[in-house]
Each structure stands twice: as C-alpha cells, then as structure tokens.
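A, B, ... follow the sequence lines: proteins, then strands. Residue 1 opens every chain.
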Amino acid sequence: MKQANKSTNQQLGVVIVGHVDHGKSTLIGRLLHDTDSLPEGKLEEIKSVCDKRGSDFEWSFVLDAFQAERDQAVTIDTTQIFFSTELRNYVIIDAPGHREFLKNMISGASQADAAILVVDATEGVQEQTRRHAYMLHLLGLKQVAVVINKMDKVGYDPEQFEKAARESVDYLKSIGLTPAHIIPISAREGDMMVARGENMDWYKGKTMAEALDAFAVANPPVARPLRFPVQDVYRFDEKRILVGRIETGILRKGDTLFFSPTNEKATVISIENWPESGSIVEAHAGQSIGITLDEKIFVERGHVGSHAQNLPMLSNVFRANIFWLSGKPLKIGNSYTARFGTLETKVTVQSIDNLVDTQDLKKQKQASGVGKNAVAEVTLRAREMLPVDAYHDNFKMGRVVLYEDHDVAGGGLISMEGYPDQRQSSSPKSKNIYKVSHSVTPDMRAERAGHYGGVFWFTGLSGSGKSTLAIAVEKEIFERGMSVYVLDGDNIRYGLNADLGFSPEDRTENIRRVGEVAALQANAGIIVLSAFISPYQTDRDRARAAIPQSFHEIHIKADLATCEARDPKGLYKKARGGEIKEFTGIDSPYEAPTNPDLVIDTQANDIDTCVKQIVDYIEASVKTSSTQNNTNKEGRVVAL
Amino acid sequence: MSDSLDQLEARSIYILREAYARINPMAMLWSIGKDSTAMLWLVKKAFFGRVPFPLVLLDTGMEMDEVYDFRDKLVKDWDLPVINHMCPPEEEMDQTLPPATRAAMRKTEGLKTLLKKEKYKGIICGIRRDEQGLRAKERVFSPRSLDGSWDFKDQPAEFWDQYKTDVPDDCHVRIHPILHWTEIDIWRYCERENIPLCDLYFAKDGKRYRSLGEKNLTLPVESKADTIEKIIAELQETNISERSGRTMDKETEDSFEKLRQSGYM
C-alpha cells in the first residue's frame with residue numbers, strides 16, 4: 001500500500017456508518033482504489049476470488065477480509081485502514097451496519113474525529129441510519145457528512161437525492177447534529193467520490209474526498225482545566241513516580257496539585273522522562289507522563305490531580321445518558337462496576353429516568369429495564385464520593401463505562417443536572433473542631449423528660465402533606481406531654497438559611513444545616529419533626545449520619561399528579577408556567593427513599609389516619625427503658 | 001504536542017501502563033524484529049528505563065543467524081529479562097496444513113506451552129493494524145480462551161480507552177500497544193529515537209528484508225535502501241505490502257485467518 005507520508009500532520013479518524021447494505025464497505029474499497037492506496041495485486045486478488053465464487057466484482061472485499069464476512073456478505077467487526085490525500089493522513093474506520101453488531105460500531109466510532117453517514121438513495125433513512133446517527137451524537141461526534149449512495153441505481157436523479165437528503169437532515173437536526181455536507185455519490189461507479197464524474201453536473205458541492213479534507217483535526221484540549229487521573233504509582237529506586245495521561249489542560253513543574261477525592265495537595269518537583277531527564281517543565285493534554293511530588297501524600301490509581309481554582313465535583317450520585325450493549329437488561333437496583341478514566345468503583349442503578357427510542361426520539365418514563373442496544377437516561381449511585389465532571393464541562397472525563405462480570409455492558413455521558421456539588425459539604429471546613437463530650441447522658445435526659453429525643457424526617461414532594469401532617473402530629477404529641485418541635489421552611493428558610501436559594505448546591509446546604517440543627521435538638525431530648533422536600537437521598541443519608549441511632553426517615557407519599565392537583569401554595573402552577581425554576585418533580589429530580597423507616601400514603605388515607613400512624617410510630621420509638629420493649633430500632637450507621 | 005509520533009507514543013505508553021496496572025502475571029513477546037524492538041523501546045519509556053516483565057522469544061531455532069546475533073547483543077547491552085522458549089518441532093504440527101502454515105503453527109503451539117507453564121494472564125504483542133486485514137480488526141486488549149483461540153465474531157466492545165482487563169480464570173488477554181502504528185510510523189520512530197535494529201532490514205547486494213520471519217518462511221525484497229532514511233523514501237513510493245515476503249499468509253485465501261483464529265499473533 002502506498003503509505004501515508006505526511007510526517008508532521010496529525011491523522012484524522014473517519015468512521016463510516018449507516019444502515020446495513022447501504023454500501024459502507026464498498027465506499028471504502030472504492031475510496032482506497034481512487035486514492036491509489038490499494039496494495040499491488042489486491043485488485044487482481046479480489047477479482048480472482050470473485051471469479052472463483054462466480055460473483056461480480058465486490059469492492060467491499062477489500063475490507064471484509066474475514067472468510068465469514070465474505071460468505072455472508074456482511075461486515076461483522078470494525079476495521080481500520082490507513083490512507084492519505086494530498087492534505088493529510090487518514091484512518092478510515094469501517095463500522096458494521098447490522099443491528100447485532102452495535103458494540104462493534106461503537107468500538108469503531110468512538111475512535112473517530114468525524115463521521116460519514118451513508119444513506120442508500122433507493123431506501124432512504126432506515127432503522128440503523130437513525131440508530132447510528134444517534135450513537136454519533138451520544139459519543140460526542142460533531143463533524144458529520146451525509147453521502148446519498150447508489151445514485152446510479154436511481155438514474156442520478158436530483159429529486160431522489162433531495163428526498164433522501166431531506167430525510168437525513170431532518171433526523172440529524174432533531175438530535176442536534178448539523179451535517180457539514182450532503183453529497184450524492186455512487187460508490188460502485190465512483191461518482192463524486194474522488195473524481196466528480198460526468199453523471200451529476202447538477203450537484204455543485206464538494207466531492208467526498210474534498211469533504212474529508214474539510215474536516216478538522218481536534219486539537220488536544222489544553223485550554224480546559226487540568227485533569228490528571230493517576231494511572232499508577234511506581235516506586236523505582238528512591239523515587240515515587242505518579243504516572244498517568246493528562247486528559248485536559250496543562251501541568252507544570254512547580255504546580256500545586258490537589259488530588260480528588262482525598263483533597264490532599266502537594267507540589268510537582270519534576271516531570272520524569274527517559275532516556276533524558278530533568279529538562280521538562282511542562283506537559284500537555286494527551287501526554288502520558290510521570291511526576292514526582294514534594295510530599296508523600298496518599299495518592300493511588302483513580303485519584304485525579306487538578307489545580308485548586310478548578311477542581312472536579314465530588315458526588316456519589318450522577319445521571320448518565322447511556323447506551324446498553326449487554327444481553328442482560330440494565331435494571332433498577334442492579335450493581336455494576338463503573339470505570340471513570342482510571343477509577344473503578346461499584347455503582348447501583350437508582351432509577352431509569354427515561355428510555356429513549358432512537359427511531360422517533362420518544363422518551364418513556366418509568367421503564368423497568370434497558371435492553372440490549374437501547375439508549376436511556378439513568379441515575380447511578382456509588383457508595384463513596386467520586387471525582388466527577390459532567391460531559392458538558394469536560395468531554396474526556398465526563399464519561400463512564402459499565403462492566404458486568406468480566407465484560408463491558410454499556411457506556412454513557414455524565415450529566416450532573418439537578419444534582420448538587422458536594423465538594424465543600426462533605427467534611428468540616430475548619431479542622432480545629434473537637435466534639436464536646438457531655439457529662440449529661442441521653443439516658444439521664446430521657447429519664448427526666450419521660451421520653452428520648454429523635455429526628456423524624458418527613459420527606460416527599462411539594463403538596464404531599466408534610467407540613468400539614470407535621471403540624472397535626474406536633475399538636476398531638478405536645479398534648480401527650482412530650483417535648484416536640486417542627487422544623488420547616490417557615491422557621492429555617494427565613495432565618496438560619498436566609499442566605500440560600502434553590503439551586504442544587506443551596507438545597508444540599510439547606511438540608512445539611514437542617515440535619516445538624518435537628519440532631520442537636522434531638523440530642524437535647526426533643527422530638528424533632530422536620531418537614532422538607534429533601535429530594536436527594538444523599539442529603540437525607542447525611543442527615544441520618546449526624547444522629548444515626550435516633551433518625552427516622554418517613555416517606556410522605558403521594559404521586560406527582562395528586563400533589564399537583566392539590567397544589568396548596570400554587571407552586572406547581574408557577575413551575576409549569578416557568579416562573580419557578582428547578583422545582584422538584586417538574587424540572588428537578590425527587591429521589592424517593594430507598595429504605596424508609598416508615599411510609600405514609602396520603603393518597604390512600606385521610607389526615608387523621610396518617611396522623612395516628614405517625615404518632616404511634618413516634619411513641620414507640622421514643623419510649624424510655626422503663627416502658628420500652630423491643631420496638632426501638634437498632635441504630636444503624638449508614639454510609640453515604 | 002503537535003507531532004504525530006508523540007501522539008502515537010503517548011497512546012502506546014498509556015496502553016502499556018494500563019496493562020501493567022491491571023494484569024499480572026504478564027509477559028511481552030519479542031520477535032527481535034523492528035516492531036517489537038520499537039515496542040521494547042516504548043516499554044523502557046513507559047517504565048523509565050526498566051522492563052518490568054519478561055520478554056519471551058518464541059524460538060523455532062529457524063531464525064536467521066543475524067537475528068540471533070542481534071538478540072544476544074541487545075540482551076547484553078540493555079540487560080534484558082529474556083525467556084527463550086523453544087517451540088515444539090514441526091513433526092508435532094497438523095500434517096494436513098500447507099507447509100508454510102504448518103511451520104508458522106509452531107509459534108502458536110509454542111505460545112500455548114508457554115502459557116501453560118508460566119500461567120500468564122497477559123501477553124503483550126507488537127502487531128499493527130496496517131499489516132494485514134485480520135489484524136486491522138483486532139482490539140487493543142483482545143481476550144483469548146485457554147487454547148489461545150480468537151473469537152473474532154464476538155469481540156468485546158472497546159471505547160474511550162477502557163479495555164478488557166478483567167480476565168476469567170482459564171483465559172488470557174493479548175495486549176497490542178502498537179496496533180495503531182503504521183509501518184512507516186515505526187521507521188520514523190526508530191530513526192528519531194535512534195533505536196538499534198537488526199542489519200537484515202538494510203539493503204545488501206540489492207536485497208533487504210522488509211519483515212523478519214524464519215529462514216524457511218521469509219524472503220527478501222529487491223531494494224537499495226541501506227539507511228532508515230532511504231527505507232522511508234522507498235516505503236512512500238511502494239505499493240507492495242509489507243508481508244509480501246511472508247509465505248504463510250497466502251497459501252490459501254484464508255490461511256492467515258485460520259492461523260490467527262487458532263492463536264497466532
């Protein structure tokens with residue numbers, strides 16, 4: 001093969017996608033031939049193979065090297081082939097069009113800088129045309145050209161071209177992709193591939209080869225904030241070298257790096273190199289490097305080095321827009337091994353928020369599972385805090401790959417929409433805090449008051465009845481002679497939390513403070529009823545962690561339609577009208593408790609019944625030892 | 001970092017470190033040819049001058065003398081951790097195979113006996129996509145069953161540099177750190193980094209070897225290129241494939257496919 005000879009130019013990866021039999025492999029075979037890139041004798045070899053089989057000349061045999069592929073005349077796996085134009089070097093990635101082989105299509109397309117979507121002029125946009133286009137969108141590929149192939153079969157008719165072109169563009173637009181070029185071609189005959197040919201004078205745009213040259217090679221993302229995911233730590237000689245690839249940004253000798261999620265920091269003493277050493281002062285995105293630090297901080301594979309002014313978020317919950325490749329459907333509650341860069345951890349599927357039909361783009365809420373080759377928006381939860389970037393902010397870091405058993409099961413782009421950044425709230429800002437040990441014990445307080453304190457945490461949608469029930473329950477408990485107090489928006493939002501709004505971060509901080517105040521009051525012996533939507537499980541878990549033995553999560557349950565119909569404060573109406581943003585249940589998520597201590601169904605029961613259920617539960621929970629039987633729950637420490 | 005060789009190098013180093021971090025025990029096949037010697041250089045770059053796993057030579061006793069000489073010199077100069085593993089004799093191969101394929105099969109069988117003995121979970125192998133249509137379809141991390149066979153119809157998905165590194169008990173994974181390089185890339189890199197290579201690659205009396213295999217399986221090509229510079233110039237003009245001197249690839253339409261399926265590199 002004539003070899004690519006542009007030594008300093010970067011190489012552009014182009015993936016060829018489209019429906020089965022629309023002519024992808026043929027297109028590549030023809031392109032290689034017309035750019036004089038085929039090895040000597042290849043044409044003759046294929047000719048003789050085709051003769052032996054008694055078939056017409058098949059361009060696609062250039063790539064479909066597998067015996068099985070020749071026998072079935074279908075491309076099974078992705079392949080790569082190198083060639084060059086006058087302008088630069090290319091690697092052409094062939095992707096199989098058959099539905100069964102979607103994982104191979106993704107393996108190929110994920111390595112490309114640009115894509116050519118092949119559409120058969122006689123058939124127009126088909127199932128895999130749409131699916132492949134959607135996958136390009138999901139893989140973040142923005143540079144796309146559409147070729148309308150097999151123009152020879154429709155007599156090079158411009159109207160047929162227009163029809164197929166319009167269909168293609170309509171679909172691409174609907175998923176936010178704008179094709180750079182739409183080109184009528186005949187891969188078999190070579191029209192508008194490299195040469196223009198004589199059959200389509202009516203077309204004035206670029207040929208396919210010109211369209212390829214018009215694509216841009218992506219520059220390494222040096223302008224983005226530094227992300228240096230640690231790949232390994234080598235201890236050679238006396239040196240401790242942290243190795244990894246800079247995904248985005250620039251790292252310089254002398255920089256202070258912060259490592260997430262530990263928040264440890266240290267200064268870069270050297271950027272290591274072999275065989276020369278000592279001369280490197282700076283390294284860029286895309287480089288695989290090794291560094292040494294001035295302090296022996298704890299750093300391991302998976303930790304991410306960044307600069308202080310722009311750290312990744314920390315969260316144990318995130319959304320992902322995923323494609324699923326495994327034969328076993330993804331289901332709520334299932335656990336998978338997730339890899340983010342070099343980090344590996346277990347995640348559990350908390351919810352399947354939308355199942356996306358790639359054909360008509362309809363979204364189905366409350367799907368029970370995500371089957372093979374399907375696309376969905378899901379919420380995933382890990383046991384510990386992870387450094388995460390949303391794909392929107394960092395296209396290198398904001399991706400997750402899910403494994404089941406030993407194999408890749410799916411992948412997706414991370415979205416933090418509606419979820420709070422938990423960087424600051426997970427550990428005390430001031431390290432000079434020591435817990436005061438009280439000499440008056442909870443038992444002594446309970447003995448005097450006749451009951452223990454406790455936090456009864458009501459959570460539910462706006463309008464589910466939290467405040468109404470809390471106030472009624474408070475009255476009932478108070479009348480039974482016990483110390484009780486309601487924390488709700490009215491007494492917290494206007495005072496302690498007057499500085500907070502309703503962004504995900506502020507909501508998290510709001511709930512963190514309520515949780516701490518509730519725990520203090522409960523320790524003082526009070527029965528605290530808190531009535532906040534508190535939409536995130538993480539936040540409620542943190543409130544529980546403040547007083548694990550005496551925390552009771554009570555789900556005040558009513559479905560969205562019921563709450564919206566009640567709309568006691570007219571808030572849903574405002575949210576629907578766009579007056580209120582990030583309203584829980586409308587454009588911000590509500591995570592129902594995964595393991596509540598009590599569920600109160602306000603749809604099925606009237607107020608009095610609900611109040612009685614709660615009061616009975618509280619009474620049983622706060623009994624002192626003299627009256628206590630085994631109704632008191634075991635204290636449990638909940639990991640965030 | 002604008003140079004394409006830097007990008008190729010960075011990716012190979014990432015792959016090597018990924019394999020080292022996740023797969024153990026592991027070994028690298030070193031055929032002593034230009035590709036695996038360039039790869040060896042990349043290993044030394046990735047691990048700051050070290051070679052932290054054994055280098056295995058699958059020895060048929062049929063390599064050319066210059067190849068053995070070059071091996072001995074480099075092992076000594078670089079103090080390399082080499083395992084010279086003898087392959088089973090040709091008489092033990094399937095006698096129904098065509099002769100060249102049968103001879104090539106010895107390496108496959110040699111690798112099997114090595115895996116059995118050393119229980120490696122990972123084998124680093126210096127194949128490239130542009131060498132051959134079947135190798136073009138390979139994954140960077142390519143799982144193999146116990147007998148080494150390659151299920152090319154059901155390869156794992158591989159994207160965003162996340163690889164199949166979790167290997168079931170009775171399997172191993174082939175790691176291909178230079179899969180994305182082309183022949184000319186290798187030459188440019190050898191030139192830039194000044195990597196020592198076997199003399200047979202350089203023209204003598206109007207002939208040179210473009211690809212090194214066993215005595216009985218490899219033929220030289222017509223060439224006057226006696227420096228890397230000239231080799232690169234020659235490659236830019238030629239339309240003849242790199243493995244044209246390797247007889248076992250083309251005995252039948254699918255001879256190389258059969259070899260690879262059964263575990264050939």
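Classified by interplanar angle (parallel below 30°, tilted 30° to 60°, perpendicular above 60°), the ring pair Tyr20(B)/Tyr234(A) is perpendicular.
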Could you go through Ser4(B) and Gln11(A), starting from their C-alpha distance and side-chain angles, then the distance that decides it, and tell me whether this counts as side-chain contact (heavy atoms from CB on, under 4.5 Å)? CA-CA 7 Å; Ser4(B) 61; Gln11(A) 170 179 284; 5.9 Å; no
side-chain contact (heavy atoms from CB on, under 4.5 Å) for Leu325(A) and Phe159(B)? Distances and angles first, verdict last. CA-CA 12 Å; Leu325(A) 303 171; Phe159(B) 49 93; 4.0 Å; yes
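Annotation for Ala157(B) and Val408(A): closest pair O-CG2, 3.6 Å, computed over non-hydrogen atoms. The shortest heavy-atom contact between Phe48(B) and Asn273(A) is CE2-N, 4.1 Å. Across Ala10(B) and Gly286(A), no two heavy atoms sit closer than the pair CB-O, 3.3 Å.
Of the listed residues Arg17(B), Lys45(B), Gln162(B), Glu158(B), the one with more heavy-atom pairs under 4.5 angstrom with chain A than any other is Arg17(B). Per-residue counts of heavy-atom pairs under 4.5 Å with chain A were compared for Ser12(B), Ala46(B), Pro52(B), Gly49(B); the largest is that of Gly49(B). Of the listed residues (Arg11(B), Lys44(B), His180(B)), the one with the most heavy-atom contacts under 4.5 Å to chain A is Lys44(B).
Within 6.0 Å of CD on Glu229(B) lie no more than 12 heavy atoms contributed by other residues, nucleotides or ligands. Annotation for Lys73(B): atom NZ does not count as buried by contact number, only 12 or fewer foreign heavy atoms lying within 6.0 Å.
Proximity to chain B involves both the backbone and the side chain of Arg339(A), based on heavy atoms less than 4.5 angstrom apart. Heavy-atom distances place the backbone of Ile289(A), and not its side chain, under 4.5 Å from chain B. Proximity to chain B (any heavy atom under 4.5 Å) is restricted, for Val400(A), to the backbone atoms N, CA, C and O. Residue Phe340(A) touches chain B through its backbone alone, counting heavy-atom pairs closer than 4.5 Å.
Salt-bridge annotation for Arg22(B) and Glu344(A): present, with a side-chain N of the basic residue lying under 4.0 Å from a carboxylate O of the acidic one. Between Arg301(A) and Glu18(B), at least one side-chain nitrogen of the basic residue sits less than 4.0 Å from a carboxylate oxygen of the acidic one, meeting the salt-bridge criterion.
Asp161(B) contributes atom CG, which lies 11.5 Å from atom OG1 of Thr342(A) (distance to the nearest 0.5 angstrom). Distance CZ/Phe47(B) to CG/Asp232(A): 8.0 Å, rounded to 0.5 Å.
Contact annotation: the side chain of Tyr14(B) never approaches that of Val243(A) to less than 4.5 Å [non-hydrogen atoms, C-beta and beyond]. Using a 4.5 Å heavy-atom cutoff, the side chains of Tyr403(A) and Asp166(B) are not in contact. Side-chain contact check for Gln287(A) versus Asp6(B): every heavy-atom pair is 4.5 Å or farther apart.
In this structure, Lys164(B) contributes its side chain and His406(A) its backbone to a donor-acceptor pair below 3.5 Å. Under a 3.5 Å cut-off, the side chain of Gln155(B) and the backbone N or O of Asn104(A) do not form any donor-acceptor pair.
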